Structure formats: structure tokens, C-alpha cells
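Reviewing the structure listed below.
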There are 2 protein chains.
Amino acid sequence: MAHDDVHPVSLACGDCPIRHRAVCARCETDELEELESIKYYRSFEAGQTVIWSGDKMDFVASVVSGIATLTQTLEDGRTQMVGLLLPSDFVGRPGRESATYNVSATTDILMCCFRRKPFEEMMERTPHIAQRLLQMTLDELDAAREWMLLLGRKTAREKIASLLSIVARRDASIKLRTAAGRMTFDLPLTREAMADYLGLTLETVSRQISALKRDGVIELEGKRHVTVPDMDRLLIEAGDDSDGGFLV
Amino acid sequence: MAHDDVHPVSLACGDCPIRHRAVCARCETDELEELESIKYYRSFEAGQTVIWSGDKMDFVASVVSGIATLTQTLEDGRTQMVGLLLPSDFVGRPGRESATYNVSATTDILMCCFRRKPFEEMMERTPHIAQRLLQMTLDELDAAREWMLLLGRKTAREKIASLLSIVARRDASIKLRTAAGRMTFDLPLTREAMADYLGLTLETVSRQISALKRDGVIELEGKRHVTVPDMDRLLIEAGDDSDGGFLV
DNA sequence: AACGCGAATTGACCCAAATCAAGTGGCAAC
DNA sequence: GTTGCCACTTGATTTGGGTCAATTCGCGTT
């Protein structure tokens, strides 16, 4: 809303290396200063848990660098990833005391946190923050629903292809992008994390990646470095109507 | 925020039999009048499609009565339900030209629509509408993520038990509720719709319902009328940590 | 009463992915 | 250079749920 057409990514918050998506820079000044006064940084090592589901969470935050995951678990240990947090993504929610999910660092991460109470108060005084958060939340909701289709109806091979095309889209845009449909990127997740995301076992993930490699849909260098010779082919394997604008 | 503690359901909009959750009644007057001026009603018969994914959608709306569903499909026809709309639920989104999902009427429904453009303009002038919509969207996001856990990691039996406990929670609260954990309600969905919701086939749904009946977890009268003799038992079958506050 | 029809059930069989189990490869520590 | 560890791969086997097909159950129509 407000200034969205001018600078769609929104942003702002002084000296952060990335620009947070929650706040609009054109409305800066007072708000920006206020935001500065309630923020602080926290870093976590790969594998560490940022917060456990049910714990008190007195901040909201933005991922500055690294990758984190949101997961849910059943008592017997079955776990399902419900969100992947990449730099600039927002975590936590105004108006909720405690965390709903486990948040874990997949790589080393740096988070920019804002104390929750002051942030909430600020949000009440500053309409466009709520409007911007609404847009972001609606996008996340779309991504979650796209994921529901994947979890409920896609085959293992389609699931893997979908995940690869999402990572390619988010990651490879800033990396080397040689010919027309050729893309190269690193998988930021272990096979187990991929399995938790896709509702599969890690063995099935491994087998399907091998199968895609054997069939020439992808090329592998080591275990993590992937080259997709033909993105269109991958998208067909993913089973989407090629538009595919998900996981924003 | 604003008045949430006073009347958590929010609401308002003149003569509607239900009160919409998007607007706060304590702030009425001008807004209420304005809201009246941009609203109109539409009704649909059971089985009709309200809107197709990708179609232009120039309104947002609230379900007044009846049940509608949000679904997504792959080209080959596989379909996944991504949302269940019960009375008072909100459909459509400010800031989006076209529909993202298919919306269909499961029963006869009445919807209260607001023309989108004026609604958006009003939202910009009236901060608490955006704030309220944000809360609702966050709740939907939680529900969607809870559903991801179900789709990705639960067995067919657990899926059915989960769906039954959700319907029981949303429906039976207003119906007869005899002894402690005893509940009675009607299933608002066909076996096929349940299958689309749960990521199963209709045969599996049927078999698992029969199994739950055989095992005394539920009692059936006809095909749609269900009695749960012991809600706790059902919740255990659903595999949740009994709290289970999902699908709001 | 007979018919038609869509919704639901039930059975027989099959297959994709889970499970169980045995490697392989890379890399850091001593 | 050997050891240990962890991430990953690959194989053999099992199984939960899908597929295909045959009924059955209601229920409105004529």
C-alpha cells in the first residue's frame, strides 16, 4: 500500500547489512530512530536452536544472514518443516506471547531482533507497518498453501524437483546464471532437512536426487553443488503450471 | 489490537445476520456507514464455483452462512483443498487483482461482498482494519502450517481423526454436548472433499472411518451424522499433543 | 414399486515410498 | 596414516495407501 509501488521491498533500519522488509524507508526519520532504539543483534551457530515451540518469545526479528527453519513435531519425533527463513525474512509475530514453532539455525545466522512490546506499540501508531506486515503474511500464507498442494498430492520426484526450483529461484538469481535456462547453486539443506520439508525420508530424497541426476535433469558436483542445465525441464518435473510464483 | 480484548470476534456491518470479523464495532459510525455503502450480497448453490483461480476478483467477502472451500489443482486433475471457509471467515485479499485459488460452495452459501478498491482505500485510512486483518491472517497461517504437519507426517487414521476433531471443535460447540467428552455433529463434507483436504483418496477415507467406527472411537448414524463418545480418545488418535488449538 | 443416480462401502491387487541394513566418501583429529 | 564420525548412497524387503472394480445404500422421480 502506501509506498509499495515506489520501492516494493520496503526496508530500513540503520546499519543492517540487509534491509528489513517490514518497514518503509520513505517514511523514515522518527520511526527509523525509534526502530534503532529497540533493536539488538543475536547470532547462532549452525545446528543451534533459536527458540523452542512454546517458549516465551519477547521479540520479533529479521534474518540478516544465514538460513533458519521453522519446524513442528509430533510427540514420537516425526517432524515437519513448515517454513524456510532466508535473509530478510521475518520471524515472530506481534500479539503473541510464545513461539508456535521450533526455530533452528541451519547455517550460522545473524538475526536482527526488535523488542516485541515497543514494536507492537509502534505498529499501532504507524499504520503502514501493519499494512506491510499484512502483505508479507499474505505472501507467506500463499507459500504455505502451495506447500500443502506439494505435501498432499505430489510424488517424491515432483517434490524434489519443486524444492530445487524454489531454491534455484531464491538463490541463483544472485549467482551465476550462464545460458538461457542454466542455473547453478548450492543446496543450503542436508538431505534430512529436505526430507523434513518435503514429508519424505532422507533415503527417498537421496534416491530421487540420484534419479534426477541419472536422467540428466540436474548435475551434481559433490553433494551440495547443483547445476540445472534446463530450468524449464525442471519445472515440468515439478508438475507446476510453469508460472510457479511460490515461496516468495 | 485496539479493542480486541473487549470483543475478540470483531465484526460489524449493519444488517448482516453474522458479524464480520474484519471490522471493529466499537469504532463504528462513519466506517460502518461507509462499509454499508460498498457492500452487496451474493448467494451460491451447493456445488457451484464461486470463483476460479486466476480470475479477476474485484471484491473481498465474508461468509455469512454455509460452507465453502479453497482448492488448488495440478494440470492432471489432482486437487488439494487448502482452506475451509465457515461462517464469518474472510475470503479474498486487499492488494491482489486475481484469485489465487478455486473457491467452491460445498453447501448453499451466502456471501457478503465488499468492492475491493473502496475497501482498500478504507483500509488505508483506518489502521485497525489492517491490524485486525493481520491478526486473522496470522491465525490462518498457523492453521495452514498445522495442516502441513498433518499432510506431511500423519497416517491416514490420524488424518481422519484430526479432521473429525477439528469439525467437532468448530461445529459441536453450538450443538448438543451431552456428557463430559461426548460430542455429536454432522460432517459438512463428502468423502471426496475430505480426501482432498487430507491428501488421501476417497476409498481410504471411507475405510478409515469404518475402522474408527469398528474400534468404537466414533459412532455413525447414516453417512454424515457422527457421535464421538470420548473426545480425549479421538484426540489421542489424532496424534496431537492434546492442546490442539488449530484451524481456529 | 420400479428406476436412476450419486455417495459410500468393500474387496482384491499393486506399487511408491518407508524401513531396515550395509556400505562409501570426505574430512578433521590425533 | 589411521581412526572416527557424519552425511550420504544404495540395496533388499515390507507396507500403507492407491487403483480398479463390484456392490450397496439412500433418496428423489416417475
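Computed from a prediction, not measured in an experiment: that's the story for all the values here. As a basis for the values below, the full set of heavy atoms in this structure was taken, side chains included, without hydrogen atoms, waters or symmetry mates. By convention in this document, chain letters (A, B, ...) are assigned in the order of the sequence lines, proteins followed by strands, and residues within each chain are numbered from 1.
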Whole-Å distance between D:dT9 P and A:Gln208 CD? 12 Å
Whole-Å gap separating P (D:dA21) and CG (B:Leu202): 15 Å
Using a 4.0 Å heavy-atom cut-off, does B:Arg224 contact any base of the nucleic acid, only the sugar-phosphate backbone, or nothing at all? sugar-phosphate
Polar pairs (N or O, both sides) under 3.5 Å between protein and nucleotides 20-22 of chain C?
| from | atom 1 | to | atom 2 | distance (Å) |
| --- | --- | --- | --- | --- |
| C:dC20 | N4 | A:Glu203 | OE2 | 3.3 |

Crowding at CD, A:Glu192 (>12 non-hydrogen neighbours, <6.0 Å): no
If you apply the rule side chain to side chain donor-acceptor pair (under 3.5 Å), what do you find for B:Thr201 with B:Thr204, and how did you get there? CA-CA 5 Å; B:Thr201 59; B:Thr204 299; 3.1 Å; yes
Just checking A:Gly199: base, sugar-phosphate only, or nothing, at a heavy-atom cut-off of under 4.0 Å? sugar-phosphate
In whole angstrom, what separates A:Leu212's CG from D:dC8's C1'? 16 Å
Of the listed nucleotides (C:dA18, C:dT9, D:dT9), which one gets closest to any side-chain atom of A:Leu200? C:dA18
What nucleotide, of C:dT19, D:dT9, D:dG18, holds the atom closest to the side chain of A:Thr201? C:dT19
Pick base, sugar-phosphate or nothing for A:Thr190, based on heavy-atom distances below 4.0 Å to the nucleic acid. sugar-phosphate
Here the residues of residues 214-222 of chain A within 4.0 Å heavy-atom distance, strictly under, of DNA chain C are none
